[in-house]
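Order of appearance sets the numbers: ligands from 1, and atoms from 1 within every ligand.
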Amino acid sequence: MKQPIRVLIAKPGLDGHDRGALIIAQALRDNGMEVIYTGLRQSPVQIARAAVQEDVDVVGLSSLSGAHKSLFPKVVDALSKENASDIPVIGGGVIPAEDIPFLEESGVQKVFTSGTPTDAIAVYIKQLIHKETPVPPKKISHIGIAVKQIETALPFYQHTLGLQLEAVEEVSSEQVRVAFLKIGESRFELLEPTSEESPIQRFIDKRGEGIHHIALEVDDITLRLNQYEEEGVPLIHKEPKKGAHDSQVAFLHPSAAGGVLFELCQPKQED
Ligand code: ZN
């Protein structure tokens, strides 16, 4: 059996509120981790020493005071001075998105904004410690566009934009005809419903023609779906199904991404 992951949750600096840190600590315990909480107002050196003494696998910093840009990198430095730079540091709290690139360049492994579900943080820590962090999707595989009729929609793509029509294929599982137009590394897919029950027909009835989904190319679709399920990401498909060109595809629920429908797409393995 794997040893439980040990996490030090710390609040560097002067801010006096630790409700968020306590919620995270409890969520990580609920996920089977051993959590040590340092309490309020710890200096970076105290935090680094506690991390070493407690022999933790990861340090989680929380900051609400706005001082994260100076304090988080100081904790990274203090760990390095204790010869413990192998202990990754993650951070969260009230942190504007603008500050994330700086913090990650300063050696903070990952920064979570306040909207991150606690289960997603727990899954991230497990992946980090067990070295199973998934690689990000490789590229936008295609953008799916719902059209009433491919032949009517095609002139804009073929003639106005000058793109080449690669193929038209029927995907019976989705009850659609699909026209593929390559653009750089990606494609437009024009999706025409072939029956009243087609999801594309329902989309057009509700919202009219237009952008239907964005598909991301991945090479670990099953693993990724399992991880998303564990994190509580709402999914339309928990298992991949067959898409165009014998690819494997699955859709996330649009509520996962602020109303945008994302598809994961793993191309057929070339023999
Ligand atoms: Zn698609």
Side-chain angles (χ1 to χ4, degrees), residues 120 133-271:
T133 326
V135 285
K138 288 168 155 171
K139 62 174 191 180
I140 293 177
S141 158
H142 59 267
I143 295 174
I145 298 170
V147 301
K148 288 177 185 161
Q149 197 189 27
I150 284 173
E151 282 72 12
T152 317
L154 211 45
F156 172 79
Y157 296 91
Q158 264 193 307
H159 303 300
T160 310
L161 297 184
L163 302 177
Q164 200 186 352
L165 176 64
E166 285 182 311
V168 179
E169 187 180 321
E170 197 158 327
V171 182
S172 51
S173 64
E174 285 293 302
Q175 302 170 66
V176 282
R177 260 175 98 214
V178 190
F180 300 92
L181 297 123
K182 197 167 166 62
I183 174 161
E185 287 277 280
S186 302
R187 287 183 174 77
F188 290 118
E189 290 190 5
L190 307 182
L191 307 161
E192 175 194 298
T194 53
S195 94
E196 286 298 315
E197 284 76 51
S198 166
I200 296 301
Q201 184 61 55
R202 292 203 300 270
F203 177 89
I204 291 173
D205 290 344
K206 226 161 108 183
R207 302 173 57 171
E209 294 180 297
I211 293 179
H212 178 260
H213 67 270
I214 298 174
L216 306 173
E217 185 174 314
V218 299
D219 43 26
D220 49 8
I221 191 166
T222 305
L223 176 73
R224 199 174 278 273
L225 286 170
N226 291 342
Q227 285 167 347
Y228 288 171
E229 199 183 351
E230 198 186 341
E231 283 181 44
V233 176
L235 303 174
I236 292 179
H237 305 115
K238 293 183 178 176
E239 307 274 333
K241 52 181 203 151
K242 198 174 160 210
H245 303 309
D246 290 326
S247 58
Q248 290 181 281
V249 304
F251 283 89
L252 312 190
H253 194 277
S255 64
V260 180
L261 178 58
F262 276 100
E263 174 188 351
L264 304 181
C265 176
Q266 179 172 339
K268 184 182 178 223
Q269 296 287 330
E270 302 293 339
D271 304 313

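- Closest approach of Ala250 and Glu239 over heavy atoms only: CB-O, 4.3 Å.
- Two residues are said to be in side-chain contact when any heavy atoms from C-beta on lie closer than 4.5 Å; Gln175 and Ser195 meet this criterion.
- With Arg177 as the fixed residue, the salt bridge (Lys or Arg N to Asp or Glu O under 4.0 Å) test singles out one of Glu169, Glu151, Glu170: Glu151.
- When each of Glu217, Arg187, Glu263 is tested with His142 by the rule side-chain hydrogen bond (donor to acceptor under 3.5 Å, both in side chains), just one qualifies, namely Glu263.
- The six-membered or imidazole ring of His213 lies near that of Phe251, with a centre-to-centre distance under 6.0 Å.
- Side chains of Phe180 and Val178 form a contact here, defined as non-hydrogen atoms less than 4.5 Å apart.
- Within the sub-2.8 Å shell of the Zn ion (ligand 1), the protein contributes these N/O/S atoms: His142 NE2, His213 NE2, Glu263 OE1.
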